[in-house]
Amino acid sequence: MSALHEPVLRWYDAHARDLPWRRPEASPWSVMVSELMLQQTPVSRVLPVHEQWLERWPTPADLAAEPTGEAVRMWGRLGYPRRALRLHAAATAIVERHGGEVPADHAALLALPGVGDYTAAAIASFAFGQRHVVLDTNVRRVLARTVGGVELPAAHVTKAEKEAAAELLPEDEATAATWAVGVMELGALVCTAARPRCTECPVASLCAWRSAGYPAYDGPPRRVQTWAGTDRQCRGRLLAVLRDADGPVHPSRLEAIWAEEAQRARCLAGLVEDGLAVRTDAGTYALP
DNA sequence: GATCCGTGGTT
DNA sequence: TAACCAAGGAT
């Protein structure tokens, strides 16, 4: 047992947020939907969409029975709308391969669209109580500080990081599952990227970063996420028009929201290529 | 393995 | 206010 375990488990028991996908009655499907939505998206924005989603599509089969465009529309402004397509594709695969039940097997989860290393481990751990290394940005930051003594982890998950996290995983299955969600919650609420609340931290006295005097991050500069004028912005605006429309949209309405013609055409073609939009025989555009 | 993929709150 | 960043995945 690591010295970190008891304080984190105790802290989680006292401070865990009451989130819909954490409640005892939450289905594995509810957990899975939350995990796809939470990829790169804050909890506060996910909450209302998750509630609507589960109300409309309580099971994978309910979603799989709908056109993909309905998933894209319901996704709203959560961002990265391809996740909506992946969730729909995953629901279809669950119906086809797993009798409509979210699989508990890690390998089966990993094989689903939109489910990578993190998400497979998260679903297996949170929904099924299994023992897995659940390594998200929160956990990586907590371990970088408490164990590594640095402010922030590397840009991408390293092998050493995975091994360290595996070494830290409690042996008991149920304890491991609680540890996974607990250390993640600590990163989300206390050991935050900016202005960490170290005075509220249950493991402050064990923290290597704190002991070292909070040395500032000195790794390679993190690539700035440019936005204005990018294809991402253009795609977002185009899709917003399609999403907010009742039916097919005339190209003139798309031309009105992005001046640069070549970029607009490229992005529109990209949306069609990605399956986020379709071009009708009449030359209009719509959600699939 | 580097790059691409949305959105909006926070500082 | 511009920069940062939030439960990653696919290619």
Side-chain angles (χ1 to χ4, degrees), chain A residues 12 16-17 19-22 30-50 72 75-87 89-90 109-127 132-143 151-159 161-162 165 177 180-189 191-197 217 220-244 266-267 270-271 273-277:
Chain A
Y12 181 72
R17 288 170 292 181
L19 301 174
W21 46 88
R22 282 185 186 162
S30 174
V31 173
M32 180 172 175
V33 170
S34 79
E35 288 304 333
L36 269 287
M37 290 182 172
L38 287 164
Q39 292 168 1
Q40 303 283 282
T41 307
V43 167
S44 59
R45 302 230 317 276
V46 165
L47 282 170
V49 182
H50 179 271
V72 174
W75 197 259
R77 304 188 70 79
L78 279 185
Y80 293 143
R82 289 188 294 192
R83 290 182 294 165
L85 295 180
R86 292 176 189 148
L87 188 49
L109 287 165
L110 193 56
L112 296 172
V115 179
D117 285 337
Y118 160 76
T119 304
I123 296 171
S125 182
F126 303 161
H132 292 283
V133 172
V134 182
L135 201 55
D136 80 321
T137 187
N138 289 304
V139 177
R140 295 184 63 218
R141 188 174 53 248
V142 171
L143 299 187
E151 182 179 16
L152 298 169
H156 301 288
V157 179
T158 65
K159 185 180 177 185
E161 234 179 322
K162 289 183 183 176
V181 69
V183 69
M184 184 178 302
E185 188 79 335
L186 185 65
L189 298 183
C191 193
T192 51
R195 301 168 58 104
R197 300 163 174 78
Y217 175 77
R222 321 177 106 200
R223 195 172 60 78
V224 182
Q225 200 175 45
T226 56
W227 178 245
T230 60
D231 281 8
R232 252 194 254 197
Q233 185 186 31
C234 182
R235 286 168 57 105
R237 284 198 191 168
L238 292 170
L239 192 59
V241 173
L242 303 184
R243 198 172 48 222
D244 298 338
R266 180 176 71 244
C267 290
L271 290 174
E273 173 71 19
D274 290 345
L276 285 164

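Here is the naming used below: chain letters follow the sequence lines, and residue numbers restart at 1 for every chain.
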Original post:
In whole angstroms, how far is the C1' atom of C:dG9 from the CG atom of A:L85?
Top reply: 13 Å
Subject >> DNA chain B-proximal residues of residues 117-127 of chain A, any heavy atom under 4.0 Å >> reply: none
**OP:** Rounded off to whole Å, could you give me the CD-to-C1' distance for the A:E151 and C:dC5 pair?
**Re:** 13 Å
**OP:** Find the distance between CE (A:M32) and CD1 (A:I123) and round it off to the nearest 0.5 Å.
**Re:** 5.0 Å
Original post:
Which nucleotides of nucleotides 6-11 of chain B have their base under 4.0 Å from a protein heavy atom (B), which only their sugar-phosphate (S), and which neither (-), written as one string 5' to 3'?
Top reply: BBS---
Original post:
Which pair of non-hydrogen atoms, one from A:P153 and one from A:R140, has the smallest distance, and what is that distance?
Top reply: CB-NH2, 3.7 Å
Subject >> C:dA7 versus B:dC4 - spacing of their P atoms, nearest Å >> reply: 23 Å
**OP:** Taking A:H50 for its side chain and A:S30 for its backbone only, find out whether a donor-acceptor pair lies under 3.5 Å.
**Re:** yes
Original post:
Nearest-Å distance, NE2 (A:H156) to P (B:dA2)?
Top reply: 6 Å
**OP:** Please tell me which of A:G114 and A:L152 maps to the more 5' nucleotide of DNA chain C, matching each residue to the nucleotide holding its nearest heavy atom.
**Re:** A:L152
Original post:
Are the side chain of A:R232 and the backbone N or O of A:W227 linked by a donor-acceptor pair below 3.5 Å?
Top reply: no
Subject >> Separation of A:R141 CZ from A:L143 CG (nearest 0.5 Å) >> reply: 10.5 Å
Original post:
Within the structure shown, what part of the strands sits under 4.0 Å from A:W75 by heavy-atom distance: base, sugar-phosphate, or nothing?
Top reply: nothing
**OP:** Would you classify A:R17 as touching base, sugar-phosphate or nothing, given that sugar-phosphate means primed atoms plus P, OP1 and OP2, and contacts are heavy atoms under 4.0 Å?
**Re:** base
**OP:** For A:D231, enumerate each residue passing the salt bridge (charged side-chain N to carboxylate O under 4.0 Å, His left out) test, keeping only those at least two apart in sequence or located in another chain.
**Re:** A:R266
Original post:
Just wondering, do A:P20 and A:L47 contact through their side chains at under 4.5 Å, heavy atoms?
Top reply: yes
**OP:** Would you classify A:V134 as touching base, sugar-phosphate or nothing, given that sugar-phosphate means primed atoms plus P, OP1 and OP2, and contacts are heavy atoms under 4.0 Å?
**Re:** nothing
Original post:
When the distance from CG of A:L38 to P of C:dG9 is rounded to whole Å, what number comes out?
Top reply: 12 Å
Original post:
Roughly, in whole Å, what's the span from CD in A:E273 to C1' in C:dT11?
Top reply: 13 Å
**OP:** For C:dG9 versus B:dG8, give the span between their P atoms, rounded off to a whole number of Å.
**Re:** 23 Å
Original post:
Can you check whether A:G229's main-chain N or O pairs, donor with acceptor, with A:Q233's side chain at less than 3.5 Å?
Top reply: yes
**OP:** Could you tell me whether A:R17 atom CZ has more than 12 heavy atoms of other residues or ligands within 6.0 Å of it?
**Re:** yes
Subject >> Same-atom distance (C1') from C:dT1 to C:dC5, integer angstrom >> reply: 16 Å
**OP:** Tell me which of A:R86 and A:R22 sits closer to the 5' end of DNA chain C, going by the nucleotide each one is nearest to.
**Re:** A:R22
Original post:
Separation of A:Y217 atom OH from C:dC4 atom C1', in whole Å?
Top reply: 13 Å
Original post:
Is a side-chain N or O of A:R82 found less than 3.5 angstrom from the main chain of A:G275, in a donor-acceptor match?
Top reply: no
**OP:** Measure the distance from CE on A:M32 to P on C:dG8 and round it to the nearest whole Å.
**Re:** 16 Å
**OP:** Measure the distance from CG on A:L143 to C1' on C:dA7 and round it to the nearest whole Å.
**Re:** 15 Å
